[in-house]
Amino acid sequence: MKKIALLLVFTMVLTTVSAQSKKKQILLFGSFHFENPGLDVAKVNTFNVMSDKSQKELEKITDKIKKFGPDKIFIEWNYQKQAKLDQFYAKNTDSLLKNDSDEIVQIALRSAKKLGHKKLYGIDYKGADFPYDSLVKGMKEAGQLDLIKRNDETMKDYETDFNTKITKYSLTELLLDINTKASNDDNLQWYLQTAIKGGKTDNFVGAFLVSEWYRRNLYMYALIQKLTESKDDKIMVLLGAGHTAMIREFVEHNPEFEIIELGTVLK
């Protein structure tokens, strides 16, 4: 009897350890802004996600998200305005899908409705600064001509590359492209190799801009962790690709999470 009891205890311990070590799966879904309000530093053309072709693709994309089965979906919406998000989510779904091209509606809301979710979770933090004009001014005052040239070329190359791709790629191909490792690296490199150097030796405008960008994303990451409950096995995070590139860096140092690639879900 003692041996049986010990075996049962040992089995229970193994089960508990196994349960504790099970990682939560996180799908980082980086997107471009479907409605393209023109607020980003790089100015790109708008991709028509309301075309019949793109709408059919969005149905397939969200069907595959449903199959993945996230327990919660987090989006780029001010976390302090969750009540407004709840009201928005309660609106007529068909009307929203037909009239609102925002990625929050076309991807997140469409997916959440298919999954039977009661709500979406806003995690954006709006309190951080992004003094891009001050950064450019600091570069000029410091006489950083090579840095200014590199910055201008980086922005121009991104605009040209994206605008070329939207004439050739389907929506699915475009989304997969901006979620590649190369695209994630490009997003981070501008901050850590160009922006951070801006300003004279006693002017840290570049480092301040980068630190504020980190702060915004760290706060969003903190909210992801706070709002993810023990019962949640899978979650999805839909944000601009610049945000998911940085949050990926944070998640990779968290043994509680396992990153699921968008390409794996959409294959």
Side-chain angles (χ1 to χ4, degrees), residues 23-33 37 39-42 70-85 102-104 107-108 119-135 138 151 154-155 158 178-199 203-230 232-262:
K23 295 185 177 183
K24 296 182 181 298
Q25 295 185 339
I26 177 170
L27 170 61
L28 294 175
F29 196 136
S31 179
F32 59 96
H33 293 303
L39 299 178
D40 293 333
V41 174
D71 298 296
K72 285 189 174 79
I73 297 178
F74 300 97
I75 61 170
E76 197 170 329
W77 183 293
N78 190 339
Y79 82 99
Q80 293 178 314
K81 297 182 179 180
Q82 180 65 44
K84 287 189 176 181
L85 176 56
D102 192 284
E103 64 274 12
I104 287 174
I107 296 177
K119 64 189 298 180
L120 292 169
Y121 294 82
I123 58 168
D124 198 6
Y125 173 73
K126 296 294 188 180
D129 198 2
F130 196 86
Y132 183 75
D133 290 342
S134 297
L135 171 64
N151 183 56
T154 298
M155 296 302 167
Y158 174 78
I178 64 176
N179 280 277
T180 59
K181 184 180 185 305
S183 181
N184 287 323
D185 289 346
D186 287 344
N187 273 308
L188 293 174
Q189 284 172 1
W190 180 80
Y191 290 97
L192 299 176
Q193 295 182 11
T194 301
I196 199 168
K197 296 178 183 178
N203 179 1
F204 295 95
V205 61
F208 175 73
L209 181 150
V210 174
S211 69
E212 285 292 275
W213 180 248
Y214 263 85
R215 184 161 74 100
R216 182 180 175 189
N217 287 284
L218 276 169
Y219 281 26
M220 287 197 282
Y221 181 52
L223 285 168
I224 290 170
Q225 294 191 75
K226 290 177 181 181
L227 293 170
T228 300
E229 301 173 274
S230 57
D232 299 325
D233 295 320
K234 301 177 182 179
I235 61 173
M236 175 176 133
V237 180
L238 175 72
L239 303 169
H243 296 295
T244 53
M246 189 156 285
I247 288 176
R248 172 182 288 269
E249 294 291 302
F250 305 151
V251 174
E252 286 178 347
H253 294 283
N254 187 340
E256 295 177 358
F257 284 100
E258 173 191 5
I259 294 175
I260 302 299
E261 301 296 341
L262 182 62

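Positions are given from 1, in the same order as the sequence printed here. What you are looking at is a predicted structure, and each value in this text was computed from that prediction instead of being measured.
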Please list every donor-acceptor pair under 3.5 Å in which a side-chain atom of residues 233-246 meets a protein atom from a residue at least two apart or in another chain.
{"from": "Lys234", "atom 1": "NZ", "to": "Phe68", "atom 2": "O", "distance (Å)": "2.8"}
{"from": "His243", "atom 1": "ND1", "to": "Asn217", "atom 2": "OD1", "distance (Å)": "2.9"}
{"from": "Thr244", "atom 1": "OG1", "to": "Ala241", "atom 2": "O", "distance (Å)": "3.1"}

**Q.** Asp124 side chain reached by Met220 side chain, heavy atoms, under 4.5 Å
**A.** yes
Q: Can you tell me which residue pairs pass the salt bridge (Lys or Arg N to Asp or Glu O under 4.0 Å) test with a partner in residues 239-259, sequence neighbours excluded?
A: Arg248-Glu261
Q: State, yes or no, whether a side-chain contact exists between Val251 and Ile224 at a heavy-atom distance under 4.5 Å.
A: no
Q. Partners of Tyr125 by side chain to side chain donor-acceptor pair (under 3.5 Å), sequence neighbours excluded?
A. Arg215
Q: Specify whether Phe130 and Trp213 have parallel, tilted or perpendicular ring planes, treating 30° as the upper limit for parallel and 60° as the lower limit for perpendicular.
A: perpendicular
Q | Nearest heavy-atom neighbours spanning Ala108 and Leu120 | A | O-CD2, 3.8 Å
Q. Does a donor on one side chain sit under 3.5 Å from an acceptor on the other, for Asn254 and Tyr221?
A. yes
**Q.** Interatomic distance, Asp185 atom CG to Leu192 atom CG [nearest 0.5 angstrom]
**A.** 10.5 Å
Q | Heavy-atom closest contact (Leu209 atom, Ala195 atom, distance) | A | CD2-CB, 4.4 Å
Q. Do you know the tightest heavy-atom contact between Gly122 and Tyr79?
A. O-CB, 3.3 Å
Q: Please name the pair of heavy atoms, one in Asp102 and one in Ile104, separated by the smallest distance, quoted to 0.1 Å.
A: OD1-N, 2.7 Å
**Q.** Residues that Glu76 engages under salt bridge (Lys or Arg N to Asp or Glu O under 4.0 Å), provided they are two or more places apart
**A.** Arg216
Q.
With a 4.5 Å cut-off on side-chain heavy atoms, are Gln82 and Leu85 touching?
A. yes
(Q) Quick check against the 3.5 Å criterion: does Lys72 have a side-chain atom that pairs as donor or acceptor with the backbone of Lys119? (A) no
Q: Would you check if Leu262 and Leu27 make a side-chain contact, meaning some heavy-atom pair closer than 4.5 Å?
A: yes
Q | Residue list, side chain to side chain donor-acceptor pair (under 3.5 Å) with Asp133, at least two apart or on another chain | A | none
Q.
Restricting to ring pair (Phe, Tyr, Trp, His ring centres under 6.0 Å), what partner residues turn up for Phe74, sequence neighbours left out?
A. Tyr121
Q: Begin from the C-alpha positions of Ile107 and Phe29 and carry the test side-chain contact (heavy atoms from CB on, under 4.5 Å) through to its verdict.
A: CA-CA 10 Å; Ile107 296 177; Phe29 196 136; 3.7 Å; yes
Q) Is the backbone of Glu229 close enough, under 3.5 Å, to the side chain of Asp232 for a donor and an acceptor to pair up by distance? A) yes
Q. Given the rule in the side-chain contact (heavy atoms from CB on, under 4.5 Å) test, do Trp190 and Met155 qualify, once you have shown the distances and angles that lead to the verdict?
A. CA-CA 9 Å; Trp190 180 80; Met155 296 302 167; 3.4 Å; yes
(Q) Please check if the number of heavy atoms outside Lys84 that lie under 6.0 Å from its NZ is greater than 12. (A) no
